[in-house]
Amino acid sequence: MASKDGVAEQAFGPVLAAVATMQGNVSRTEKTHAHEFLEKFQKSIEAWTATHALLQSPEVPVEAKLFAATTLKGKIIFDLDQLPPESVLALRDSVLNLLVLYGSGPRPIQTQLCVCLASLAIQMTQWKDVLATVGSALGSSAGECVLEFLKILPEEVTEGRKINLSEDELIMRTKELLEDNAEQVMHLLIQYAQSSPTASTNPRLLDCITSWMREIPASKLVESPLMDVILKALDNEVSFESAVDSMCTLYRDTREVDDSLPIIQALYPRIMSLRPKIAETAESEDGEAFKAITRLFAEAGEAWVVLIARLPTEFRGLVEAVLECCARDWERDAISLTFIFWYELKQYVTLDRYADSRLGLADIFSQLVDIMVKHLEYPRPEEGETDLFGGDRESEEKFRHFRHSMGDVLKDCCSVIGVTECLTKSYQLIQQWVSKYASQASNEHVPNWQELEAPLFSLRAMGRMVDPEDSSILTEVIPLIVQIPDQEKVRFQAIMALARYTEWTAQHPETLEPQLNYVISGFQHTSPEVIQASALAFKFLGTDCQKLLGGHIAQLHSFYESVLDKLKPASQEEVTEGVAAVVAVQPLDKIYETMKMFCDPIMARIMNLANNAKDEEGQRAVADHLQLITIFVQVVNPYAGPSEENPAVKYCGEILPIMATIVMNFTSSTPILERVCRCWRYMIISYRMAMIPLLPTLAQSIASGFEVSREGCFLWATDAVVREFSEGSEFVDPSTTGAVFQFYEQQAITFLRILNDLPPDSLPDVIEDFFRLSSDAVRYYPKECITSSLAVPIFSAALSALTLQQVDPLIATLHYYRDLFSFAFEKPVVSEFTSPDGDSYTNPPEIREAVRQLITSQGQILSQRVLTGMMFSFPGDCFPDASGVMMTLFELMPQEAGVWLQSTLQMLPAGTMKAGEAERLLKAVADKVQSGETRKIRVLLQDFTNSYRRRNVAPRDGLGRLEATRFRFSG
């Protein structure tokens with residue numbers, strides 16, 4: 001809205017229009033244009049005056065004022081150098097005036113203005129009397145605003161790395177603003193608390209106390225009147241959660257329990273006096289209050305856990321309070337706050353030195369098992385309702401996640417009171433259900449099934465803790481499980497529980513047959529979840545009991561063929577893993593025929609599916625079945641002597657031509673090509689030297705596939721060949737290693753041709769795979785790679801790849817450079833990959849010189865690409881490797897690298913760097929070079945590029961809020 005004389009409209013009319021567009025019901029294109037305009041506005045010089053005008057105008061909508069305040073905050077943090085030094089003092093005074101204007105709210109604007117003032121306080125190093133100035137300007141009438149500023153100041157100082165101060169300046173300013181003011185702030189807060197009758201019900205005061213606990217020692221705070229304010233605030237619902245924050249922050253300063261014992265002794269009785277609030281908040285059904293009281297006790301336990309372990313009798317009350325929180329959490333919304341405490345307490349009391357504490361607290365952990373198993377129960381739906389969660393899928397997913405976390409707590413209990421006691425509790429619950437309801441149960445109706453399913457889940461959760469040699473309770477549990485009725489969730493959980501105990505079953509073969517029958521019968525169930533559970537359980541039975549099942553190949557083959565086509569792909573893979581594990585333990589002379597028995601029908605399915613794969617779904621089916629062959633290749637890995645033919649490789653030789661044909665027939669099907677390459681790769685990984693007879697055929701198939709498809713998966717398969725048959729590999733003759741390097745060069749030539757035809761952003765996956773391959777090629781064949789005629793073209797191709805913005809190809813490319821540059825040193829950091837002698841490997845001078853020549857010829861553009869990437873386009877995950885490349889350049893060629901850095905800085909757009917910023921960076925880098933501290937250059941470059949990017953490239957705060965619905969502002 002414009003003012004009557006139109007002055008405001010002229011000053012900020014376009015900004016208001018853009019803000020209205022962002023909030024309005026308009027097209028995405030219009031919003032995009034408005035977003036771009038506002039983003040540019042936030043970084044402009046004009047924003048300084050426009051934001052003030054917006055904030056001072058009484059007619060501007062409150063949402064636009066919040067945007068203006070947020071923009072002003074960004075200007076002060078990032079763009080203060082846009083103002084003449086003499087204007088900064090006036091800016092501070094204008095922010096103080098704005099705070100007076102907004103002294104009564106709205107609070108979001110007030111908060112942003114306080115951040116503005118705090119950021120100015122950090123940067124105005126000559127401003128020494130910050131608290132006095134702020135207090136005087138805001139006056140006693142703006143006490144709430146002063147509290148907000150005091151709360152924010154420590155937070156902003158802690159985040160001071162985004163402020164463009166040197167490390168030394170920031171350390172000095174932190175001391176001046178926080179450490180030197182801590183006592184004064186404490187007196188101010190006490191003064192406010194004693195003068196205000198509502199102090200203990202004021203969350204702002206409590207938040208301010210919490211913020212300054214980083215500076216005010218806990219010992220002083222506990223002895224001060226502020227402690228009474230915090231404890232009194234725990235009795236008021238308005239201030240309760242802020243008071244809990246204060247208490248939990250106070251705990252963190254007492255974790256060094258030996259140093260903090262007097263404080264803990266003072267706090268402990270006062271905290272324990274609050275225990276009745278557990279029942280009170282639970283009965284009031286105030287979920288947030290109950291979570292807060294749970295946090296109060298749980299975090300006290302975390303902070304003082306070592307004292308609990310040392311003095312279990314004295315601190316037992318605290319452990320019981322946390323247990324009570326768990327028991328009363330009917331909504332299961334707060335219990336997760338206790339999980340860390342139980343884990344840490346378990347860690348201590350299971351140490352030998354705390355054996356007495358373990359005994360003393362055993363009954364509590366025993367009760368905890370009962371509580372946790374009860375909480376594991378699914379909800380009981382309302383009468384007539386079939387959906388357990390009333391259609392709320394988010395609650396259902398939350399419950400599933402929560403159960404697995406509770407399973408971890410049950411494992412902690414096993415560590416403390418023993419697996420047998422914990423399993424016995426679950427077993428007894430199952431027995432109780434059987435005695436009460438078994439006679440009433442049928443496949444169609446299982447009464448109170450939740451009481452049966454929860455202990456089954458607990459058995460599954462605790463399975464990892466069971467010693468396979470143990471037979472005390474499981475010999476009773478397992479026979480009971482295989483009689484569990486057929487209700488969907490109960491059957492699912494029973495089968496999943498059996499899947500957890502397959503290692504134990506392998507040691508107790510007498511229990512295998514009933515379990516196997518129970519699992520196999522699950523494949524006939526109507527529930528997809530039960531079928532999936534059966535597939536997973538069969539996988540573990542096959543893997544862990546492979547020797548017990550080794551004599552049942554015919555029956556397994558019959559079962560496998562009968563279920564395979566009925567399963568989803570994931571379950572097909574799991575069943576195949578179980579079967580393949582049994583095939584793997586067959587005698588050597590039986591492996592070929594057994595593998596052929598299982599794999600030939602799969603190959604027949606593949607060829608049939610391939611002949612009919614007319615669409616994406618059909619191609620996916622081919623790919624899924626190819627994965628089953630890969631599983632056999634991965635798992636069936638027989639040992640054959642050097643003079644013997646490997647039976648698995650013999651079978652691979654039969655299917656290799658079929659796979660090559662599939663590749664040539666599906667050159668545009670990524671799923672099929674990836675699965676074929678995965679299979680070929682595992683042939684190399686699994687059978688290693690035994691694959692040498694097939695290597696020429698396999699290499700030709702990989703090369704042809706890459707040439708016609710241009711898919712990176714063929715480079716992934718090539719990498720396995722390069723790794724396995726490199727110069728340093730044992731038993732590999734020179735002719736083979738030479739042929740393998742030629743194979744790499746052939747793939748490199750094909751890649752360079754592809755890159756010549758298409759822009760890098762069309763080939764991110766191919767680029768990633770090629771430079772991962774090239775990194776290995778450099779490591780395993782350093783001399784051949786570095787002196788190759790392809791060295792320069794590949795180096796240049798990597799420069800093109802640095803224009804991308806995706807993380808994975810960029811990291812692969814940067815790793816290639818780092819590995820390559822390693823060979824410019826006498827002792828390459830990757831030398832263990834190039835010589836079996838490890839440390840004895842010395843890089844020949846001619847290789848070192850060849851790398852230096854590469855860098856000399858391309859270093860200028862490489863530096864530009866890396867630095868501009870860090871400033872403009874690289875994702876944050878690339879920074880460590882990008883700065884590592886630059887650091888290596890300075891280690892190798894400090895003078896040239898300095899010139900390349902200076903040249904890059906000169907290319908940056910005018911006005912995007914602060915006055916003297918480039919000169920300071922260059923001087924700091926030169927100093928590190930001069931002192932031989934080249935590794936510290938990495939940090940200098942990261943700090944500079946981060947700062948540049950935040951100021952000029954990264955989006956500022958505030959725009960996201962405009963796209964949301966209108967905020968509700970409170971005073």
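Quick caveat: nothing in here was measured; it's all calculated off a predicted structure.
Heavy atoms from other residues, nucleotides or ligands lying under 6.0 Å from CG of Leu261 number more than 12. For Glu314, the CD atom is densely surrounded, since the number of other residues' heavy atoms within 6.0 Å is greater than 12. Within 6.0 Å of the OH atom in Tyr343, the count of heavy atoms belonging to other residues, nucleotides or ligands does not exceed 12. Shown here is Gln126, whose CD atom has more than 12 heavy atoms of other residues, nucleotides or ligands within 6.0 Å. Around the CZ atom of Arg393, the shell of radius 6.0 Å holds more than 12 heavy atoms that belong to other residues, nucleotides or ligands.
In this structure, Val185 and Leu153 have side chains that are not in contact, with every pair of non-hydrogen atoms separated by 4.5 Å or more. Between Gln942 and Met870, some side-chain heavy-atom pair lies under the 4.5 Å cut-off. Annotation: side chain of Ile122 is not in contact with side chain of Glu169 (no heavy-atom distance under 4.5 Å). Side chains of Arg332 and Met406 form no contact here, defined as non-hydrogen atoms less than 4.5 Å apart. Put simply, the side chain of Ile340 does not reach to within 4.5 Å of the side chain of Glu299, judged on heavy atoms. In this structure, the side chains of Phe290 and Glu285 stay at 4.5 Å or more apart for every pair of heavy atoms. Counting heavy atoms from C-beta on, the side chains of Leu99 and Val134 never come closer than 4.5 Å. In this structure, the side chains of Ser947 and Glu917 come closer than 4.5 Å at one or more pairs of heavy atoms.
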List the steps, then state whether side-chain contact (heavy atoms from CB on, under 4.5 Å) holds for Val62 with Leu66.
CA-CA 6 Å; Val62 70; Leu66 177 59; 6.0 Å; no
Report the C-alpha distance between Asp392 and Lys398 in whole Å, list the side-chain angles of each, state the deciding distance to 0.1 Å, and finish with yes or no for salt bridge (Lys or Arg N to Asp or Glu O under 4.0 Å).
CA-CA 10 Å; Asp392 187 345; Lys398 183 179 176 182; over 6 Å; no
Determine, stepwise, if the pair Arg107 / Glu148 fulfils salt bridge (Lys or Arg N to Asp or Glu O under 4.0 Å).
CA-CA 9 Å; Arg107 186 169 176 181; Glu148 185 75 1; 3.1 Å; yes
Quick one: do Val306 and Tyr354 satisfy side-chain contact (heavy atoms from CB on, under 4.5 Å)? Show the steps, please.
CA-CA 10 Å; Val306 67; Tyr354 299 125; 4.0 Å; yes
For Lys75 and Leu83: C-alpha separation, side-chain torsions, deciding distance, then whether side-chain contact (heavy atoms from CB on, under 4.5 Å) applies.
CA-CA 10 Å; Lys75 300 298 293 178; Leu83 298 177; over 6 Å; no
Tell me, with the steps shown, if Glu215 and Asn181 meet side chain to side chain donor-acceptor pair (under 3.5 Å).
CA-CA 9 Å; Glu215 303 302 324; Asn181 282 325; over 6 Å; no
Gln191 and Leu188: CA distance, side-chain angles, deciding distance, side-chain contact (heavy atoms from CB on, under 4.5 Å) verdict:
CA-CA 5 Å; Gln191 209 171 33; Leu188 283 172; 4.0 Å; yes
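Within the 6.0 Å centre-distance limit, the rings of Tyr268 and Phe315 are counted as a close aromatic pair.
Remark: Arg173 engages Glu176 in a salt bridge, criterion side-chain N to carboxylate O under 4.0 Å. By the 4.0 Å N-to-carboxylate-O rule, Lys291 lies too far from Glu241 to be salt-bridged with it. Under a 4.0 Å N-O distance rule, the pair Asp408/Lys411 qualifies as a salt bridge. Salt bridge status for Glu320 with Arg275: present, with a side-chain N to carboxylate O gap under 4.0 Å. Using a 4.0 Å cut-off between charged side-chain N and carboxylate O, Asp253 and Lys220 make no salt bridge.
What you find for Val322 and Phe297 is that their closest heavy atoms are CG2-O, 3.8 Å. Between Phe41 and Thr51, the shortest heavy-atom contact is CZ-CG2, 4.4 Å. Nearest heavy-atom pair across Cys145 and Gln110 is SG-CG, 3.8 Å. Contact between Ala137 and Val100 at its shortest, heavy atoms only, is O-CG2, 3.6 Å. Shown here for Glu155 and Ser211, the closest heavy-atom pair between the two residues is CG-OG, 3.9 Å. Closest of all the heavy-atom pairs between Ala954 and Lys43 is O-NZ, 3.1 Å.
Side-chain contact check for Thr201 and Ser239: no donor-acceptor pair (N or O, by modelled atom type) lies under 3.5 Å. Looking at Gln56 and Asn97, their side chains never bring a donor and an acceptor atom within 3.5 Å of each other. Looking only at atom types and distance, the side chain of Ser242 has a donor-acceptor partner in the side chain of Asp207 under 3.5 Å away.
Applying the side chain to side chain donor-acceptor pair (under 3.5 Å) criterion to Trp212, with sequence neighbours excluded, gives no partner residue. Applying the side-chain contact (heavy atoms from CB on, under 4.5 Å) test to Glu397 and every residue at least two apart in sequence or in another chain returns Arg400. Applying the side chain to side chain donor-acceptor pair (under 3.5 Å) rule to Asp258 yields the partners Arg310; only residues at least two apart in sequence or on another chain are considered.
For the atom pair Ile263 CD1 and Leu221 CG, the distance stands at 9.5 Å (nearest 0.5 Å). Rounding to the nearest 0.5 Å places OG1 of Thr158 at 6.5 Å from CG of Leu178. Rounding to the nearest 0.5 Å places CH2 of Trp48 at 5.0 Å from CG of Leu80. For the atom pair CG of Asp235 and CZ of Phe240, the computed distance is 9.0 Å after rounding to the nearest 0.5 Å. Note: Ile335 CD1 to Phe402 CZ = 5.0 Å, rounded to the nearest 0.5 Å. For the atom pair CD1 of Ile371 and SG of Cys325, the computed distance is 10.5 Å after rounding to the nearest 0.5 Å.
Without hydrogens or angle criteria, Arg328 side chain to Thr281 main chain gives no donor-acceptor distance under 3.5 Å. Between the side chain of Ser260 and the backbone N or O of Glu256 there is at least one donor-acceptor pair closer than 3.5 Å. Within the 3.5 Å criterion, the main-chain N or O of Ser883 finds no donor-acceptor partner in the side chain of Arg938. The closest donor-acceptor contact from the side chain of Gln123 to the backbone of Ile76 lies under 3.5 Å. At distances below 3.5 Å, not a single donor-acceptor pair connects side-chain atoms of Arg358 with backbone N or O atoms of Val349. With Tyr251 contributing its side chain and Gly301 its backbone, the two residues share no donor-acceptor pair below 3.5 Å. Under the 3.5 Å distance criterion, the side-chain polar atoms of Ser57 are left unmatched by any main-chain donor or acceptor of Ala53. Between the side chain of Asp370 and the main chain of Lys374, no donor-acceptor pair closer than 3.5 Å is present. In this structure, the side chain of Ser196 does not engage the main chain of Tyr192 through any donor-acceptor pair within 3.5 Å. Side chain of Ser246 to backbone of Leu206: a donor-acceptor contact under 3.5 angstrom is found.
If you run salt bridge (charged side-chain N to carboxylate O under 4.0 Å, His left out) between Asp79 and each of Lys73, Arg950, Arg956, only Arg956 comes through.
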